[in-house]
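Presented below is the structure to which this report refers.
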Protein chains: 2
Amino acid sequence: MTVLNEALDGLRRMIAAGEVTPGEKFPSETELCARLNVSRSSLREAVRTLSALGVIESRHGSGTYLSRLDPAQVIRNFSLTVDLLPLDSLLQLFEIRRVLEAHMAAQAAARCTPALADSLNSLIVRMEDEPDPRLAADLDSQFHRLICDAGGNPTITSLIDVFRSRGSHYKIMEGTAAAEVRAASDAGHRSIAAAIIARDPIAAQSAAASHVAQTEYWLRLLLDPGTPHVAEAI
Amino acid sequence: MTVLNEALDGLRRMIAAGEVTPGEKFPSETELCARLNVSRSSLREAVRTLSALGVIESRHGSGTYLSRLDPAQVIRNFSLTVDLLPLDSLLQLFEIRRVLEAHMAAQAAARCTPALADSLNSLIVRMEDEPDPRLAADLDSQFHRLICDAGGNPTITSLIDVFRSRGSHYKIMEGTAAAEVRAASDAGHRSIAAAIIARDPIAAQSAAASHVAQTEYWLRLLLDPGTPHVAEAI
DNA sequence: ACAAGCATAGTCATCAGACCACTTTTCGCA
DNA sequence: TGCGAAAAGTGGTCTGATGACTATGCTTGT
(Lines give C-alpha, C1' and ligand atoms only; values in the text may rest on other atoms or scores of the structure.)
Protein backbone atom coordinates (compact mmCIF):
# COMPACT_ATOMS: atom_id res chain seq x y z
CA MET A 1 0.00 0.00 0.00
CA THR A 2 1.59 3.25 -1.11
CA VAL A 3 1.51 6.40 0.97
CA LEU A 4 -0.77 8.10 -1.53
CA ASN A 5 -3.27 5.29 -1.25
CA GLU A 6 -3.22 5.48 2.50
CA ALA A 7 -3.97 9.17 2.32
CA LEU A 8 -6.76 8.56 -0.19
CA ASP A 9 -8.16 5.86 2.00
CA GLY A 10 -8.11 8.14 5.01
CA LEU A 11 -9.95 10.90 3.19
CA ARG A 12 -12.51 8.49 1.77
CA ARG A 13 -13.04 7.01 5.18
CA MET A 14 -13.68 10.46 6.64
CA ILE A 15 -16.26 11.12 3.96
CA ALA A 16 -17.95 7.74 4.24
CA ALA A 17 -18.09 8.04 8.02
CA GLY A 18 -19.80 11.40 7.74
CA GLU A 19 -17.02 13.26 9.57
CA VAL A 20 -17.36 15.83 6.81
CA THR A 21 -20.75 16.42 5.25
CA PRO A 22 -21.34 17.66 1.69
CA GLY A 23 -20.39 21.32 1.32
CA GLU A 24 -18.49 21.34 4.60
CA LYS A 25 -14.85 22.19 5.21
CA PHE A 26 -12.14 19.63 5.89
CA PRO A 27 -9.49 20.25 8.56
CA SER A 28 -6.48 22.19 7.25
CA GLU A 29 -3.86 20.39 5.19
CA THR A 30 -1.42 20.55 8.07
CA GLU A 31 -3.86 18.88 10.42
CA LEU A 32 -4.81 16.25 7.84
CA CYS A 33 -1.13 15.45 7.38
CA ALA A 34 -0.77 14.87 11.09
CA ARG A 35 -3.94 12.84 11.29
CA LEU A 36 -3.13 10.59 8.31
CA ASN A 37 0.61 10.44 8.96
CA VAL A 38 1.67 11.54 5.49
CA SER A 39 3.72 14.44 4.18
CA ARG A 40 2.03 17.46 2.76
CA SER A 41 2.95 16.61 -0.84
CA SER A 42 1.40 13.17 -0.57
CA LEU A 43 -1.70 14.56 1.05
CA ARG A 44 -2.02 17.13 -1.69
CA GLU A 45 -1.78 14.46 -4.36
CA ALA A 46 -4.60 12.61 -2.65
CA VAL A 47 -6.66 15.79 -2.50
CA ARG A 48 -5.97 16.44 -6.17
CA THR A 49 -7.13 12.95 -7.00
CA LEU A 50 -10.48 13.41 -5.30
CA SER A 51 -10.67 16.89 -6.69
CA ALA A 52 -10.32 15.56 -10.24
CA LEU A 53 -13.25 13.27 -9.57
CA GLY A 54 -15.40 16.17 -8.38
CA VAL A 55 -15.55 14.94 -4.81
CA ILE A 56 -13.39 17.65 -3.23
CA GLU A 57 -12.97 21.35 -3.94
CA SER A 58 -9.92 23.33 -2.83
CA ARG A 59 -10.39 27.06 -2.39
CA HIS A 60 -7.21 29.07 -2.22
CA GLY A 61 -6.87 30.87 1.09
CA SER A 62 -10.09 29.47 2.43
CA GLY A 63 -9.89 25.72 2.83
CA THR A 64 -10.60 22.29 1.40
CA TYR A 65 -14.26 21.40 1.04
CA LEU A 66 -16.29 18.32 0.37
CA SER A 67 -18.35 18.98 -2.76
CA ARG A 68 -22.12 18.79 -2.70
CA LEU A 69 -21.79 15.35 -4.29
CA ASP A 70 -24.52 16.19 -6.73
CA PRO A 71 -24.33 13.52 -9.46
CA ALA A 72 -24.97 15.99 -12.28
CA GLN A 73 -22.11 18.17 -11.12
CA VAL A 74 -19.77 15.23 -10.58
CA ILE A 75 -20.50 13.89 -14.04
CA ARG A 76 -19.83 17.26 -15.66
CA ASN A 77 -16.19 16.94 -14.51
CA PHE A 78 -15.60 14.12 -16.92
CA SER A 79 -16.13 16.07 -20.13
CA LEU A 80 -12.46 17.00 -20.28
CA THR A 81 -11.65 13.30 -20.36
CA VAL A 82 -14.01 12.64 -23.22
CA ASP A 83 -12.26 15.39 -25.16
CA LEU A 84 -9.08 13.32 -25.05
CA LEU A 85 -10.57 10.12 -26.41
CA PRO A 86 -9.60 9.17 -29.96
CA LEU A 87 -12.46 8.94 -32.41
CA ASP A 88 -12.72 5.17 -32.30
CA SER A 89 -13.04 5.23 -28.53
CA LEU A 90 -15.59 7.98 -28.78
CA LEU A 91 -17.71 5.92 -31.11
CA GLN A 92 -18.04 3.24 -28.45
CA LEU A 93 -19.97 5.75 -26.38
CA PHE A 94 -22.57 6.33 -29.04
CA GLU A 95 -24.70 3.37 -28.09
CA ILE A 96 -25.07 4.86 -24.60
CA ARG A 97 -25.82 8.26 -26.00
CA ARG A 98 -28.38 6.85 -28.38
CA VAL A 99 -30.25 5.02 -25.65
CA LEU A 100 -30.18 7.96 -23.25
CA GLU A 101 -31.17 10.61 -25.77
CA ALA A 102 -34.01 8.41 -26.97
CA HIS A 103 -35.18 8.02 -23.40
CA MET A 104 -35.05 11.74 -22.76
CA ALA A 105 -36.99 12.47 -25.93
CA ALA A 106 -39.66 10.02 -24.80
CA GLN A 107 -39.85 11.68 -21.41
CA ALA A 108 -40.06 15.11 -22.99
CA ALA A 109 -42.89 13.91 -25.20
CA ALA A 110 -44.81 12.66 -22.20
CA ARG A 111 -44.53 16.05 -20.53
CA CYS A 112 -44.58 18.44 -23.44
CA THR A 113 -46.04 21.88 -22.72
CA PRO A 114 -47.15 24.51 -25.24
CA ALA A 115 -44.14 26.59 -24.24
CA LEU A 116 -41.78 23.75 -25.09
CA ALA A 117 -43.51 23.23 -28.41
CA ASP A 118 -43.02 26.88 -29.31
CA SER A 119 -39.37 26.82 -28.34
CA LEU A 120 -38.70 23.70 -30.37
CA ASN A 121 -40.40 25.07 -33.47
CA SER A 122 -38.63 28.38 -33.21
CA LEU A 123 -35.25 26.71 -32.79
CA ILE A 124 -35.80 24.47 -35.80
CA VAL A 125 -36.58 27.42 -38.03
CA ARG A 126 -33.56 29.35 -36.85
CA MET A 127 -31.38 26.30 -37.30
CA GLU A 128 -32.47 25.68 -40.85
CA ASP A 129 -31.98 29.35 -41.77
CA GLU A 130 -28.49 29.56 -40.27
CA PRO A 131 -25.81 29.44 -42.97
CA ASP A 132 -22.75 29.29 -40.69
CA PRO A 133 -22.11 25.63 -39.73
CA ARG A 134 -20.71 26.59 -36.34
CA LEU A 135 -23.67 28.68 -35.32
CA ALA A 136 -25.96 25.97 -36.62
CA ALA A 137 -24.13 23.44 -34.44
CA ASP A 138 -24.70 25.79 -31.54
CA LEU A 139 -28.42 25.92 -32.17
CA ASP A 140 -28.34 22.15 -32.51
CA SER A 141 -26.93 21.91 -29.00
CA GLN A 142 -29.63 24.22 -27.71
CA PHE A 143 -32.27 22.07 -29.35
CA HIS A 144 -31.05 18.91 -27.69
CA ARG A 145 -30.53 20.60 -24.39
CA LEU A 146 -34.09 21.87 -24.46
CA ILE A 147 -35.32 18.31 -24.86
CA CYS A 148 -33.07 17.00 -22.12
CA ASP A 149 -34.19 19.69 -19.71
CA ALA A 150 -37.79 18.83 -20.47
CA GLY A 151 -36.96 15.21 -19.72
CA GLY A 152 -36.73 16.13 -16.06
CA ASN A 153 -33.55 14.37 -14.96
CA PRO A 154 -30.59 16.77 -14.69
CA THR A 155 -28.22 13.87 -14.07
CA ILE A 156 -28.97 12.28 -17.42
CA THR A 157 -28.80 15.70 -19.04
CA SER A 158 -25.29 16.25 -17.73
CA LEU A 159 -24.22 12.79 -18.85
CA ILE A 160 -25.50 13.43 -22.37
CA ASP A 161 -23.78 16.80 -22.29
CA VAL A 162 -20.50 15.06 -21.56
CA PHE A 163 -20.95 12.88 -24.60
CA ARG A 164 -21.99 15.77 -26.80
CA SER A 165 -19.39 18.21 -25.48
CA ARG A 166 -16.76 17.13 -27.93
CA GLY A 167 -16.10 20.28 -29.94
CA SER A 168 -14.69 18.76 -33.10
CA HIS A 169 -18.15 17.56 -33.84
CA TYR A 170 -19.13 20.06 -36.47
CA LYS A 171 -16.46 18.70 -38.76
CA ILE A 172 -18.90 16.34 -40.36
CA MET A 173 -20.79 19.43 -41.46
CA GLU A 174 -17.86 20.58 -43.53
CA GLY A 175 -17.01 17.61 -45.69
CA THR A 176 -18.00 17.01 -49.28
CA ALA A 177 -21.37 15.65 -48.23
CA ALA A 178 -22.10 18.70 -46.08
CA ALA A 179 -25.35 19.61 -47.76
CA GLU A 180 -26.68 16.09 -47.57
CA VAL A 181 -25.70 15.74 -43.93
CA ARG A 182 -27.29 19.04 -43.09
CA ALA A 183 -30.55 18.17 -44.82
CA ALA A 184 -30.80 14.80 -43.10
CA SER A 185 -30.03 16.38 -39.76
CA ASP A 186 -32.73 18.99 -40.20
CA ALA A 187 -35.23 16.31 -41.15
CA GLY A 188 -34.28 14.35 -38.04
CA HIS A 189 -34.91 17.37 -35.86
CA ARG A 190 -38.32 17.90 -37.39
CA SER A 191 -39.26 14.27 -36.71
CA ILE A 192 -38.20 14.50 -33.10
CA ALA A 193 -39.95 17.78 -32.50
CA ALA A 194 -43.15 16.59 -34.19
CA ALA A 195 -43.27 13.48 -32.02
CA ILE A 196 -42.63 15.42 -28.84
CA ILE A 197 -45.24 18.02 -29.64
CA ALA A 198 -47.69 15.24 -30.46
CA ARG A 199 -46.92 13.86 -26.99
CA ASP A 200 -46.03 10.53 -28.53
CA PRO A 201 -43.17 9.04 -26.45
CA ILE A 202 -42.62 5.99 -28.62
CA ALA A 203 -42.34 8.04 -31.78
CA ALA A 204 -40.06 10.52 -30.05
CA GLN A 205 -37.89 7.70 -28.78
CA SER A 206 -37.33 6.14 -32.17
CA ALA A 207 -36.87 9.48 -33.90
CA ALA A 208 -34.19 10.48 -31.41
CA ALA A 209 -32.48 7.09 -31.57
CA SER A 210 -32.42 7.25 -35.33
CA HIS A 211 -31.00 10.77 -35.23
CA VAL A 212 -28.11 9.74 -33.02
CA ALA A 213 -27.49 6.62 -35.06
CA GLN A 214 -27.21 8.77 -38.14
CA THR A 215 -24.61 11.01 -36.51
CA GLU A 216 -22.71 7.91 -35.49
CA TYR A 217 -22.82 6.68 -39.05
CA TRP A 218 -21.29 9.89 -40.40
CA LEU A 219 -18.58 9.90 -37.80
CA ARG A 220 -17.76 6.31 -38.58
CA LEU A 221 -17.51 7.26 -42.22
CA LEU A 222 -15.04 9.95 -41.23
CA LEU A 223 -12.94 7.41 -39.39
CA ASP A 224 -13.01 4.69 -42.01
CA PRO A 225 -14.40 5.72 -45.40
CA GLY A 226 -13.84 2.26 -46.80
CA THR A 227 -16.15 0.03 -44.82
CA PRO A 228 -19.07 1.95 -43.38
CA HIS A 229 -21.41 -0.12 -41.29
CA VAL A 230 -23.95 1.11 -38.79
CA ALA A 231 -24.85 -2.18 -37.24
CA GLU A 232 -22.29 -4.25 -35.43
CA ALA A 233 -21.22 -7.69 -36.53
CA ILE A 234 -23.93 -10.26 -36.15
CA MET B 1 -4.52 30.70 -14.81
CA THR B 2 -2.89 28.76 -11.99
CA VAL B 3 0.35 26.85 -12.46
CA LEU B 4 -1.43 23.54 -12.05
CA ASN B 5 -3.82 24.41 -14.83
CA GLU B 6 -0.98 25.36 -17.12
CA ALA B 7 0.63 22.00 -16.50
CA LEU B 8 -2.67 20.22 -17.11
CA ASP B 9 -3.15 22.17 -20.28
CA GLY B 10 0.31 21.27 -21.49
CA LEU B 11 -0.22 17.57 -20.87
CA ARG B 12 -3.63 17.61 -22.51
CA ARG B 13 -2.20 19.45 -25.47
CA MET B 14 0.52 16.83 -25.87
CA ILE B 15 -2.10 14.10 -25.86
CA ALA B 16 -4.47 15.86 -28.23
CA ALA B 17 -1.61 16.63 -30.62
CA GLY B 18 -0.64 12.98 -30.69
CA GLU B 19 2.85 13.59 -29.30
CA VAL B 20 2.15 10.62 -27.09
CA THR B 21 -0.05 7.83 -28.38
CA PRO B 22 -2.17 5.49 -26.22
CA GLY B 23 0.01 3.08 -24.25
CA GLU B 24 3.16 5.06 -24.93
CA LYS B 25 5.55 6.60 -22.43
CA PHE B 26 5.73 10.30 -21.63
CA PRO B 27 9.07 12.05 -21.21
CA SER B 28 10.43 11.88 -17.66
CA GLU B 29 9.02 14.17 -14.99
CA THR B 30 12.19 16.23 -15.02
CA GLU B 31 11.96 16.82 -18.74
CA LEU B 32 8.25 17.60 -18.56
CA CYS B 33 8.95 20.16 -15.84
CA ALA B 34 11.44 21.88 -18.10
CA ARG B 35 9.16 21.73 -21.10
CA LEU B 36 6.10 23.08 -19.29
CA ASN B 37 7.98 25.49 -17.05
CA VAL B 38 6.53 24.24 -13.79
CA SER B 39 8.04 22.77 -10.66
CA ARG B 40 8.01 19.08 -10.09
CA SER B 41 5.31 19.25 -7.40
CA SER B 42 2.94 21.09 -9.69
CA LEU B 43 3.64 18.72 -12.53
CA ARG B 44 2.97 15.77 -10.29
CA GLU B 45 -0.35 17.23 -9.20
CA ALA B 46 -1.30 17.57 -12.85
CA VAL B 47 -0.25 13.98 -13.53
CA ARG B 48 -2.27 12.81 -10.52
CA THR B 49 -5.30 14.64 -11.84
CA LEU B 50 -5.17 12.90 -15.21
CA SER B 51 -4.31 9.68 -13.47
CA ALA B 52 -7.47 9.90 -11.37
CA LEU B 53 -9.47 10.23 -14.57
CA GLY B 54 -7.87 7.12 -16.03
CA VAL B 55 -6.02 9.02 -18.75
CA ILE B 56 -2.48 8.56 -17.39
CA GLU B 57 -0.77 5.72 -15.55
CA SER B 58 2.36 6.21 -13.47
CA ARG B 59 4.55 3.14 -13.01
CA HIS B 60 7.06 3.38 -10.21
CA GLY B 61 10.60 3.11 -11.51
CA SER B 62 9.50 2.80 -15.11
CA GLY B 63 7.80 5.94 -16.33
CA THR B 64 4.59 7.82 -16.94
CA TYR B 65 2.34 6.35 -19.62
CA LEU B 66 -0.69 7.42 -21.57
CA SER B 67 -3.42 4.88 -20.89
CA ARG B 68 -5.01 2.94 -23.72
CA LEU B 69 -7.95 5.34 -23.46
CA ASP B 70 -10.37 2.48 -23.66
CA PRO B 71 -13.76 3.88 -22.56
CA ALA B 72 -14.68 0.79 -20.56
CA GLN B 73 -11.47 1.00 -18.59
CA VAL B 74 -11.76 4.75 -18.09
CA ILE B 75 -15.31 4.40 -16.82
CA ARG B 76 -14.33 1.70 -14.35
CA ASN B 77 -12.19 4.27 -12.55
CA PHE B 78 -15.26 6.12 -11.41
CA SER B 79 -16.71 3.41 -9.22
CA LEU B 80 -14.81 4.69 -6.21
CA THR B 81 -16.61 7.99 -6.63
CA VAL B 82 -20.02 6.36 -6.73
CA ASP B 83 -19.17 4.64 -3.47
CA LEU B 84 -18.94 8.04 -1.82
CA LEU B 85 -22.31 9.33 -2.96
CA PRO B 86 -25.01 9.60 -0.30
CA LEU B 87 -28.09 7.50 -0.89
CA ASP B 88 -30.22 10.31 -2.23
CA SER B 89 -27.58 11.16 -4.81
CA LEU B 90 -27.27 7.52 -5.72
CA LEU B 91 -30.97 7.29 -6.38
CA GLN B 92 -30.67 9.95 -9.05
CA LEU B 93 -28.55 7.50 -11.03
CA PHE B 94 -31.20 4.83 -11.07
CA GLU B 95 -33.04 6.23 -14.06
CA ILE B 96 -29.85 5.86 -16.07
CA ARG B 97 -29.27 2.39 -14.77
CA ARG B 98 -32.82 1.39 -15.52
CA VAL B 99 -32.62 2.56 -19.11
CA LEU B 100 -29.23 0.99 -19.74
CA GLU B 101 -29.97 -2.36 -18.10
CA ALA B 102 -33.21 -2.56 -20.03
CA HIS B 103 -31.33 -1.89 -23.23
CA MET B 104 -28.75 -4.54 -22.49
CA ALA B 105 -31.44 -7.08 -21.68
CA ALA B 106 -33.06 -6.34 -25.03
CA GLN B 107 -29.76 -6.77 -26.82
CA ALA B 108 -29.09 -10.02 -24.99
CA ALA B 109 -32.51 -11.27 -26.00
CA ALA B 110 -31.80 -10.52 -29.63
CA ARG B 111 -28.61 -12.54 -29.49
CA CYS B 112 -29.41 -15.27 -27.00
CA THR B 113 -27.59 -18.54 -27.53
CA PRO B 114 -28.41 -21.95 -26.00
CA ALA B 115 -25.29 -21.60 -23.85
CA LEU B 116 -26.53 -18.32 -22.44
CA ALA B 117 -29.94 -19.82 -21.77
CA ASP B 118 -28.36 -22.66 -19.78
CA SER B 119 -26.19 -20.28 -17.77
CA LEU B 120 -29.13 -18.07 -16.92
CA ASN B 121 -31.31 -20.96 -15.81
CA SER B 122 -28.56 -22.49 -13.73
CA LEU B 123 -27.80 -19.19 -12.03
CA ILE B 124 -31.45 -18.61 -11.19
CA VAL B 125 -31.74 -21.98 -9.50
CA ARG B 126 -28.59 -21.49 -7.50
CA MET B 127 -29.71 -18.01 -6.52
CA GLU B 128 -33.08 -19.17 -5.26
CA ASP B 129 -31.51 -21.99 -3.27
CA GLU B 130 -28.88 -19.79 -1.63
CA PRO B 131 -29.81 -18.98 1.96
CA ASP B 132 -26.98 -16.52 2.70
CA PRO B 133 -28.08 -13.04 1.54
CA ARG B 134 -24.53 -12.03 0.69
CA LEU B 135 -23.82 -15.02 -1.49
CA ALA B 136 -27.19 -14.54 -3.11
CA ALA B 137 -26.26 -10.93 -3.88
CA ASP B 138 -23.10 -12.24 -5.44
CA LEU B 139 -25.02 -14.59 -7.70
CA ASP B 140 -27.32 -11.70 -8.49
CA SER B 141 -24.32 -9.73 -9.77
CA GLN B 142 -23.21 -12.67 -11.87
CA PHE B 143 -26.68 -12.93 -13.37
CA HIS B 144 -26.73 -9.30 -14.43
CA ARG B 145 -23.18 -9.39 -15.65
CA LEU B 146 -23.98 -12.38 -17.81
CA ILE B 147 -26.75 -10.41 -19.47
CA CYS B 148 -24.56 -7.35 -19.93
CA ASP B 149 -21.78 -9.37 -21.49
CA ALA B 150 -24.27 -10.94 -23.88
CA GLY B 151 -25.40 -7.43 -24.78
CA GLY B 152 -22.14 -7.01 -26.63
CA ASN B 153 -21.03 -3.54 -25.54
CA PRO B 154 -18.29 -3.66 -22.88
CA THR B 155 -18.49 0.09 -22.40
CA ILE B 156 -22.11 -0.04 -21.29
CA THR B 157 -21.30 -3.07 -19.17
CA SER B 158 -18.61 -1.17 -17.30
CA LEU B 159 -20.93 1.80 -16.80
CA ILE B 160 -23.62 -0.41 -15.35
CA ASP B 161 -20.99 -2.07 -13.17
CA VAL B 162 -20.09 1.30 -11.76
CA PHE B 163 -23.71 1.89 -10.80
CA ARG B 164 -24.11 -1.57 -9.35
CA SER B 165 -20.74 -1.67 -7.60
CA ARG B 166 -22.05 -0.02 -4.50
CA GLY B 167 -21.70 -2.65 -1.83
CA SER B 168 -24.39 -1.37 0.48
CA HIS B 169 -26.82 -2.98 -1.88
CA TYR B 170 -27.52 -6.04 0.13
CA LYS B 171 -28.94 -4.01 2.96
CA ILE B 172 -32.40 -4.18 1.52
CA MET B 173 -32.16 -7.95 1.79
CA GLU B 174 -31.84 -7.76 5.56
CA GLY B 175 -34.74 -5.62 6.67
CA THR B 176 -38.08 -6.74 8.03
CA ALA B 177 -39.43 -7.22 4.51
CA ALA B 178 -36.48 -9.41 3.52
CA ALA B 179 -38.54 -12.41 2.49
CA GLU B 180 -40.90 -10.32 0.40
CA VAL B 181 -38.03 -8.49 -1.27
CA ARG B 182 -36.26 -11.70 -2.01
CA ALA B 183 -39.33 -13.32 -3.53
CA ALA B 184 -40.04 -10.35 -5.75
CA SER B 185 -36.44 -10.20 -6.83
CA ASP B 186 -36.41 -13.88 -7.77
CA ALA B 187 -39.61 -13.44 -9.76
CA GLY B 188 -38.05 -10.49 -11.58
CA HIS B 189 -35.06 -12.58 -12.54
CA ARG B 190 -37.28 -15.31 -13.89
CA SER B 191 -39.19 -12.83 -16.04
CA ILE B 192 -36.01 -11.37 -17.47
CA ALA B 193 -34.47 -14.75 -18.19
CA ALA B 194 -37.65 -16.07 -19.78
CA ALA B 195 -37.86 -13.09 -22.13
CA ILE B 196 -34.21 -13.35 -23.10
CA ILE B 197 -34.43 -17.07 -23.74
CA ALA B 198 -37.57 -16.50 -25.81
CA ARG B 199 -35.50 -14.00 -27.82
CA ASP B 200 -38.10 -11.33 -27.15
CA PRO B 201 -36.24 -8.00 -26.81
CA ILE B 202 -39.28 -5.92 -25.93
CA ALA B 203 -40.31 -8.25 -23.15
CA ALA B 204 -36.75 -8.43 -21.87
CA GLN B 205 -36.50 -4.67 -21.91
CA SER B 206 -39.60 -4.11 -19.83
CA ALA B 207 -38.81 -6.95 -17.45
CA ALA B 208 -35.35 -5.52 -16.78
CA ALA B 209 -36.67 -1.98 -16.42
CA SER B 210 -39.27 -3.16 -13.98
CA HIS B 211 -36.67 -5.07 -11.98
CA VAL B 212 -34.45 -2.03 -11.59
CA ALA B 213 -37.42 0.16 -10.76
CA GLN B 214 -38.34 -2.24 -7.99
CA THR B 215 -34.87 -2.08 -6.50
CA GLU B 216 -35.06 1.68 -6.65
CA TYR B 217 -38.38 1.58 -4.87
CA TRP B 218 -36.97 -0.44 -1.99
CA LEU B 219 -33.97 1.79 -1.65
CA ARG B 220 -36.18 4.85 -1.62
CA LEU B 221 -38.21 3.23 1.11
CA LEU B 222 -35.00 2.81 3.07
CA LEU B 223 -34.21 6.49 2.67
CA ASP B 224 -37.65 7.85 3.50
CA PRO B 225 -40.07 5.30 4.91
CA GLY B 226 -42.81 7.92 5.20
CA THR B 227 -43.55 8.92 1.66
CA PRO B 228 -42.55 6.26 -0.82
CA HIS B 229 -43.19 7.18 -4.41
CA VAL B 230 -41.77 5.52 -7.48
CA ALA B 231 -42.90 8.04 -10.02
CA GLU B 232 -41.73 11.62 -9.87
CA ALA B 233 -44.04 14.58 -9.40
CA ILE B 234 -46.33 15.15 -12.32
C1' DA C 1 28.25 -19.01 -27.01
C1' DC C 2 24.96 -18.61 -23.45
C1' DA C 3 22.53 -17.99 -19.21
C1' DA C 4 22.33 -16.35 -14.44
C1' DG C 5 23.34 -12.94 -11.43
C1' DC C 6 24.76 -8.41 -10.37
C1' DA C 7 25.96 -3.54 -10.72
C1' DT C 8 24.20 0.85 -12.54
C1' DA C 9 21.59 4.37 -14.32
C1' DG C 10 17.03 6.11 -14.95
C1' DT C 11 12.46 6.84 -13.14
C1' DC C 12 8.74 7.67 -10.00
C1' DA C 13 7.57 8.13 -4.66
C1' DT C 14 8.06 10.61 -0.60
C1' DC C 15 9.68 13.85 2.54
C1' DA C 16 11.05 18.41 4.64
C1' DG C 17 11.06 23.24 4.79
C1' DA C 18 10.45 27.59 2.93
C1' DC C 19 7.96 31.37 0.73
C1' DC C 20 4.02 33.34 -1.83
C1' DA C 21 -0.96 34.53 -2.68
C1' DC C 22 -5.42 34.64 -1.19
C1' DT C 23 -9.24 34.74 2.34
C1' DT C 24 -11.10 35.45 6.72
C1' DT C 25 -11.01 37.33 11.11
C1' DT C 26 -9.69 40.65 14.35
C1' DC C 27 -8.97 44.96 16.18
C1' DG C 28 -8.08 49.76 16.41
C1' DC C 29 -9.28 54.21 14.68
C1' DA C 30 -12.38 57.70 13.02
C1' DT D 1 -21.03 52.34 14.99
C1' DG D 2 -18.74 51.55 10.79
C1' DC D 3 -14.75 51.12 8.14
C1' DG D 4 -10.17 49.99 7.00
C1' DA D 5 -5.85 48.06 8.08
C1' DA D 6 -3.30 44.53 10.27
C1' DA D 7 -2.78 39.76 11.42
C1' DA D 8 -3.72 35.01 11.37
C1' DG D 9 -4.94 31.04 8.77
C1' DT D 10 -5.07 28.42 4.54
C1' DG D 11 -4.02 26.57 0.07
C1' DG D 12 -0.44 27.24 -4.01
C1' DT D 13 4.22 26.74 -5.55
C1' DC D 14 9.09 26.01 -5.48
C1' DT D 15 13.53 23.78 -4.23
C1' DG D 16 16.44 20.07 -3.11
C1' DA D 17 17.34 15.78 -1.19
C1' DT D 18 16.57 10.89 -0.37
C1' DG D 19 14.21 6.36 -0.96
C1' DA D 20 12.32 2.61 -3.80
C1' DC D 21 11.56 0.34 -7.89
C1' DT D 22 12.64 -1.02 -12.88
C1' DA D 23 15.20 -1.76 -16.88
C1' DT D 24 19.50 -2.26 -19.06
C1' DG D 25 23.73 -3.98 -19.91
C1' DC D 26 27.74 -6.10 -18.21
C1' DT D 27 30.23 -9.48 -15.78
C1' DT D 28 31.04 -14.08 -14.69
C1' DG D 29 30.83 -18.91 -14.62
C1' DT D 30 29.70 -22.93 -17.25
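For the numbers below, each heavy atom of this structure counts, side chains included, while hydrogens, waters and symmetry mates do not. Just so we're on the same page: letters track the sequence lines, and every chain starts at 1. Quantities reported herein were computed from a predicted structural model and do not represent experimental measurements.
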Practice item. Please list residues of residues 1-22 of chain A whose heavy atoms come under 4.0 Å from any atom in DNA chain C, ordered by number; otherwise none. Key: A:T2, A:V3, A:L4

In a table with atom names and distances, give each donor-acceptor pair under 3.5 Å that connects a side chain of residues 141-152 of chain B to protein atoms at least two apart or in another chain.
from	atom 1	to	atom 2	distance (Å)
B:S141	OG	B:A137	O	3.4
B:H144	ND1	B:E101	OE1	3.4
B:H144	NE2	B:D140	OD1	3.0
B:H144	NE2	B:H211	NE2	3.4
B:R145	NH2	B:D161	OD2	2.2

Check your understanding: In whole angstroms, how far is the C1' atom of C:dA16 from the CZ atom of A:R44?
Key -> 15 Å

Point to revise | Under the salt bridge (Lys or Arg N to Asp or Glu O under 4.0 Å) test, residues paired with B:D138 that sit two or more places apart | key: none

Point to revise | Residues that B:E57 engages under salt bridge (Lys or Arg N to Asp or Glu O under 4.0 Å), provided they are two or more places apart | key: B:R59

Review point. Considering residues at least two apart in sequence or located in another chain, which fulfil the salt bridge (Lys or Arg N to Asp or Glu O under 4.0 Å) criterion with A:D9?
Key: A:R13

**Study point:** Terminal contacting nucleotides, 5' and 3', DNA chain D versus chain B (heavy atom, 4.0 Å)
**Key:** D:dT13 to D:dT22

Practice item. Could you list all the ring pair (Phe, Tyr, Trp, His ring centres under 6.0 Å) pairs where at least one residue sits in residues 17-63 of chain A, not counting sequence neighbours? Key: none

Check your understanding: Which residue, B:F26 or A:Y65, contacts DNA chain C at a nucleotide closer to its 5' end, judged by nearest heavy atom?
Key -> B:F26

Point to revise | Ring-ring centroid check A:F94 A:F163, cutoff 6.0 Å | key: no

**Study point:** Nucleic acid contacts of residues 46-55 of chain A, taken as heavy-atom distances under 4.0 Å to DNA chain D
**Key:** A:R48

**Study point:** Listed partners of B:E130 passing salt bridge (Lys or Arg N to Asp or Glu O under 4.0 Å), at least two apart
**Key:** none

Enumerate the protein-to-nucleotides 7-11 of chain C contacts in which both atoms are nitrogen or oxygen and the separation is below 3.5 Å.
from	atom 1	to	atom 2	distance (Å)
C:dG10	N2	B:G61	O	2.9

For residues 63-71 of chain B, which side-chain N or O atoms pair as donor and acceptor with protein atoms under 3.5 Å away, sequence neighbours left out?
from	atom 1	to	atom 2	distance (Å)
B:Y65	OH	B:S62	OG	2.5
B:S67	OG	B:G54	O	2.9
B:S67	OG	B:V55	O	3.4
B:S67	OG	B:L69	N	3.0
B:D70	OD2	B:Q73	N	3.4

Practice item. May I have the distance from A:E45 (atom CD) to C:dA13 (atom P), rounded to whole angstrom? Key: 7 Å

Review point. By side-chain contact (heavy atoms from CB on, under 4.5 Å), which residues pair with B:A106, not counting sequence neighbours?
Key: B:P201, B:Q205

